[in-house]
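Predicted, not measured: the structure shown is a model, and the values here were computed from it.
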Amino acid sequence: MIAQSRKEEIRWRALQTLDQVRPEKLSRALLRRTLSDRFALSTTVDELKTELDYLEGKGFVQPGTLNTYALTADGVDIIEGSIEPPVGITGIESPSDLALSRRREIRWRCLKVLDAGRPVSVAKSLVLSVLNDQALTLVQTELEREINYLRDRGFLADDGDRPGLLLKLTPRGVDLVEYKIDCPASIGRPPAYDKEY
C-alpha cells in the first residue's frame, strides 16, 4: 500500500509539471520520467496512472489521446493558490508573487485588448503585439498559456471562421471587463472606480 503522503506528492508534482508545459499535453511516460529526473520521485506506471485518474476525477487534469494529459483551468487555479487545494493534495508551493502577478496581468490585458476590438474578432498576433507594446515582453507560448486558461474559464472563445487564429470575448468576458460580475483571483483586474462625480 502506498503511503498517503507519497500519493499526495505524486499528485502535486504531476500538477506542477503539467503547469510548466501548458497548454501542451504531456505523455504519461514523459511525465513519469520528469517526476523521476526533476523531483527524484520514481513511480511505477500503475502508480502514476492511479494518481492521474484521481486528478482527472477531481477535474484538475484532462486526458488526451495516446495517454497524454493537460492541466485544466481548475488545475491552474490550484497551482496558483487562487482556490483552496482540496483534501488529497498537499505540499503546494505556488509560483513566486512576481510570476503570479505577471500571469494575472497578462490575462487581464488580453481581455482588455479583445474588448477594444469588439465586435470584430482579434488576431492572436495582434494581441501579442499590443501586450509587447505595453512593456510586458512575452513570447507566443506564454500568451498561448494564458489564452488557453481564459478560454477554459469561458471568458474568451476562438472565432468560428478562423479557430486558433482569431479570438473574441464571450458575453461572460464582456461582463468581467465591464465590472458586472465578480473577478476570480486568477485575473488581475484592477479595482473599479466610481465614474460619477
By side-chain contact (heavy atoms from CB on, under 4.5 Å), Val113 pairs with (sequence neighbours left out) Val122, Val127, Val130, Leu131
Would a distance-only check, ignoring hydrogens and angles, find a side-chain to backbone donor-acceptor pair under 3.5 Å from [X] to [Y]?
X: Thr17; Y: Leu31; answer: no
X: Ser129; Y: Ser125; answer: no
X: Arg32; Y: Leu48; answer: no
X: Asp115; Y: Val174; answer: no
X: Thr170; Y: Phe155; answer: yes
X: Thr68; Y: Leu26; answer: no

Does the side chain of Arg153 come under 3.5 Å of the side chain of Ser186 through a donor N or O and an acceptor N or O?
no
Check the side chains of Arg38 and Gln16 for a donor-acceptor pair under 3.5 angstrom, ignoring hydrogens and angles.
no
Is [X] linked to [Y] within one hydrophobic cluster, defined over Ile, Leu, Val, Met, Phe, Trp and Tyr using a side-chain heavy-atom separation of less than 4.5 Å?
X: Leu41; Y: Val45; answer: no
X: Trp12; Y: Leu100; answer: no
X: Leu150; Y: Ile181; answer: yes
X: Ile147; Y: Val120; answer: no

Salt bridge check, Lys49 against Asp46: does any charged N sit closer than 4.0 Å to a carboxylate O?
no
Between [atom1] of [X] and [atom2] of [Y], what distance do you get to the nearest 0.5 Å?
X: Leu126; Y: Ser121; atom1: CG; atom2: OG; value: 12.0 Å
X: Tyr69; Y: Asp53; atom1: OH; atom2: CG; value: 5.5 Å
X: Leu143; Y: Asn148; atom1: CG; atom2: CG; value: 11.0 Å
X: Arg109; Y: Glu146; atom1: CZ; atom2: CD; value: 13.5 Å
X: Leu138; Y: Glu105; atom1: CG; atom2: CD; value: 11.0 Å
X: Ile187; Y: Trp108; atom1: CD1; atom2: CH2; value: 8.5 Å

Over 12 foreign heavy atoms within 6.0 Å of CG, Asp182
no
Flag yes if more than 12 heavy atoms outside Asp97 fall under 6.0 Å of its CG atom; otherwise flag no.
no
State, with a plain yes or no, whether a side-chain heavy atom of [X] is found less than 4.5 Å away from one of [Y].
X: Leu167; Y: Asp158; answer: yes
X: Leu176; Y: Cys183; answer: yes
X: Thr34; Y: Arg13; answer: no
X: Arg151; Y: Pro23; answer: no

Where do Lys124 and Leu165 land on the side-chain contact (heavy atoms from CB on, under 4.5 Å) test, with the steps shown first?
CA-CA 6 Å; Lys124 282 184 193 175; Leu165 298 175; over 6 Å; no
Shortest non-hydrogen contact from [X] to [Y]?
X: Ala14; Y: Leu52; answer: CB-CD2, 4.3 Å
X: Ala70; Y: Lys25; answer: CB-CG, 3.7 Å
X: Leu71; Y: Phe60; answer: CD1-O, 3.4 Å
X: Ser36; Y: Ser42; answer: OG-OG, 3.8 Å
X: Ala73; Y: Asp152; answer: CB-CB, 3.7 Å

Pair Arg145, Arg103 - check side-chain contact (heavy atoms from CB on, under 4.5 Å), show working.
CA-CA 9 Å; Arg145 291 167 50 100; Arg103 288 179 176 195; 2.9 Å; yes
According to side chain to side chain donor-acceptor pair (under 3.5 Å), does anything in residues 54-65 pair up with another residue at least two apart or in another chain? List the pairs.
none
Residue of the set Arg107, Arg102, Arg22 for which salt bridge (Lys or Arg N to Asp or Glu O under 4.0 Å) holds with Glu142:
Arg102
